[in-house]
Amino acid sequence: MTRLADLTTRGRSVRAHRPWPRTVIDAAVWRAATRRLTAGELALLGLWGEPGQVHMALLDEAAGRVAVLSLDCPDGHYPSVSAHHAPAGRLERALCDLTGLKARGAPDPRAWLDHGRWTLRHPLGAPVPAAGAAQPYVFLPAEGESLHQIAVGPVHAGTIEPGHFRFTANGETVVRLEARLGYAHRGLLARMAGADLATAARLAARASGDSTVAYGYAFARAAEAALKVEAPPRAVWLRALMAELERLANHLGDIGAICNDAAFLMMHAHCAVLREAALRANSATFGHRLMMDRIVPGGVTSDLAPDGASVLRALVGTVRERLPVLTALYDDTASLQDRTVGTGVVSTELVRRFAAGGFVGRASGRDFDTRRALRYPPYDRLEFQTPVRTEGDVNARVWIRIDEVSQSLGLVEQILERLPGGPVRRDLPAGSGEGLALVEGFRGDVLAWLRLDRGRVARAWLRDPSWFQWPLVEAAVEGDIVADFPLANKSFNCAYAGSDL
Amino acid sequence: MSMPKLLAEGILRTPLTELPPAAGDAELAELAARLDAGARRRLGRSLSIRQVDAGSCNGCELEIHALSNPFYDLERFGLRFVASPRHADVLLVTGPVTLNMREALERTYAATPAPKWVVAAGDCAAGDGLFCGGYACAGGVADVLPVDLHIKGCPPDPTALLKGLLALLADASAKPAR
Ligand code: SF4
């Protein structure tokens, strides 16, 4: 019996949940699951709530299995997971803000998404009108002599998303960094509740603009799982094609942007040209530069344009020709390496504990990729490698991305080669059920969960990979100089909007 | 290829820059009602832009970033992004103005010296995105600040952004700026 099965058999199974089991368990099993998280036997994939019930999604990495445990909390409380497993901390705080359910024994009771400015409290629980007056926020203390604080954001110097960073520094050295997010909270999940599938899919596609394909993809797969239907084969392959194109464009842009933050503008300009070429190819092929709203429950909304395959092959050719030139430039520029090597280090132990996905995990030795671990189609029939490094610094994260660009190029070619014919979209029944899906976005594993009630979304939850990466940014810059923060932060490029929703 | 070779290639190759798009008619009409000729003369053909993300999904930011790539090369038009609102003539605002960002946006506006213009970029900022209304958003930018120009799209592509910003530069009328 696997480590998960032994938990999921100790409760009442929810039949409508697919493809992985959901089990309503008691507090003792909830605590047992928490102990396995603490022991590192299982990884936390998510923690969310709805009126009267909390859910925890778990992964048995070795077995490639996923399960959801649900606990009724009639008195509005559940045993804190974060008291024993820190990665649950901000999820518990967000859960409380949104539903009012409290984690008993949680070490950090501060609000996370709710800054006291909303017109409602507990919008996903039993909503109560709120005054909308800002609440003061107490940052964690740092003690010692000659410490000073630097407050940055939520409006930043560059064109980036809103968030607040509070540094405590000793001279130039960062003693503690604490991020405060929630500024981009738009109330997305509340909008989804009660929406028809088409509207909900459009909302999912706007969780995080740079991952619009990944979110559309995860949401569509969750909806199809709930309805027990599959997208037509051609759509299945086109989705992966879009996902790889999205990864390609983001990695190309970010490799340049990281170098830009180390004041190496030439790399930035060259990478920006390649990114623009990718976005134009997306537009020529699928009719939108970011491929927004192209993946929907039931399939995809646009087939390849007639010359799409040749446009994409030309793109692959261009990037393949230019990439070695740029990587050589990156590798040969000592002043650049001086900034990226040894900066912003995250240990393997920490990425394992936080189950950090994507290039953040892979640059620190966590060999995890949902495309391989969960082998959703068509990746079960495609050949690719997941690059892994162990240094965990800015340089390692850059190299993982460079290597992933090469892998994505290969995947685009394979998909174009083997793309099956036929329709790209099917009609969906107005059914009911629950679905969970994980797909590999450029940042890592994007999770989508939903419950459908006769064709409408009753409840939904989305989890960005950044939930388990943001805390690592804070750990990574400790002991670095303040001036290295933009560089280190960019090398993570965590999502604000995607986490805030 | 070494760095000197790459640099040489950059000098010898023809530029990648696109021909400038004509300013959009709708944008021109909107601006005609607002822009002050005197202020335009004072500014010359140059505007400094401060971007503020007021709760966007970041799709709009990606396309705003693209404006600086060698294809669109915003700076050749005298338009440039600046790091502080105190150096800005234009606030380029995206997102449905979340209530958590509202005060920061208002303070950024207050910190921007007059004459100043506000451009709302994207459908969210225009007040007809998917997020407007609800418990967490103020609506569009116009619900919080006086808006001089809307650039629609989800997200507006770089050409649409460029058209709008060029309209801001090109048009002049007698109405006072703020
Ligand atoms: S307009 Fe579209 S791209 Fe821009 S912030 Fe809104 S949802 Fe995102």
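Residue numbering restarts at 1 for every chain, and letters A, B, ... go by the order of the sequence lines. Just so it is clear, the model here is predicted, and its values are computed rather than measured. Basis for what follows: all heavy atoms, side chains included, without hydrogens, waters or symmetry-related copies.
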Assert top hit (heavy-atom pairs under 4.5 Å, partner chain B, pool A:G209, A:G158, A:A269) equals A:G209

Original post:
So do the side chains of B:N69 and A:R275 get within less than 4.5 Å of each other, counting heavy atoms only?
Top reply: no

Looking only at A:L188, A:L113, A:T159, A:T119, most heavy-atom pairs under 4.5 Å shared with chain B are made by A:T159

Residues of residues 258-268 of chain A with a heavy atom under 4.5 Å from any heavy atom of chain B, in residue-number order, are A:F264, A:M266

Whatever's closer than 4.5 Å to a heavy atom in chain A on B:S84 counts as neither

Answer key: most heavy-atom pairs under 4.5 Å with chain B among A:H288, A:E276, A:M292, A:H270 is A:E276

Any donor-acceptor N/O pair, A:R191 side chain to B:C132 backbone, under 3.5 Å
yes

Rounding to 0.5 Å, atoms OG (A:S211) and CG (B:N58) come to a distance of 7.5 Å

Query raised in the report: For the residue pair A:H185 and B:Y135, does the interplanar ring angle fall in the parallel (under 30°), tilted (30 to 60°) or perpendicular (over 60°) class?
Result: tilted

Ranking B:A104, B:A54, B:C57 by heavy-atom pairs under 4.5 Å to chain A gives rank one to B:C57

Okay, A:T333 and chain B: the region with an atom under 4.5 Å from a heavy atom over there is side chain

Quiz prompt | Note, B:C124 side chain near A:R186 side chain (heavy atom, < 4.5 Å) | solution = no

Note: B:N100 and A:Y183 closest approach over all heavy atoms is O-CD2, 3.3 Å

When you compare the side chain of B:L130 with that of A:R206, does any pair of heavy atoms fall below 4.5 Å?
yes

inquiry  = Within the 4.5 Å heavy-atom criterion, are A:R289 and B:E63 side-chain neighbours or not?
reply    = yes

Highest number of heavy-atom pairs under 4.5 Å with chain B among A:D210, A:V155, A:L290, A:L120 belongs to A:D210

If one checks every heavy atom of B:V82 against chain A at 4.5 Å, the contacting part turns out to be backbone

- Message: Tell me if the CZ atom of A:R320 is crowded by more than 12 foreign heavy atoms within 6.0 Å.
- Response: yes

Shortest non-hydrogen pair, A:P162 vs B:G55, comes out as CG-N, 4.4 Å

Scanning both residues in full, the closest heavy-atom pair of A:G187 with B:A136 reads N-CB, 4.0 Å

Cut-off 4.5 Å, heavy atoms of chain B, and the answer for A:R280 is side chain

Inspect the surroundings of CZ in A:R121 and state if more than 12 heavy atoms from other residues, nucleotides or ligands are less than 6.0 Å away. no

Heavy-atom nearest pair, A:H156 first then B:R50, reads O-NH1, 2.5 Å

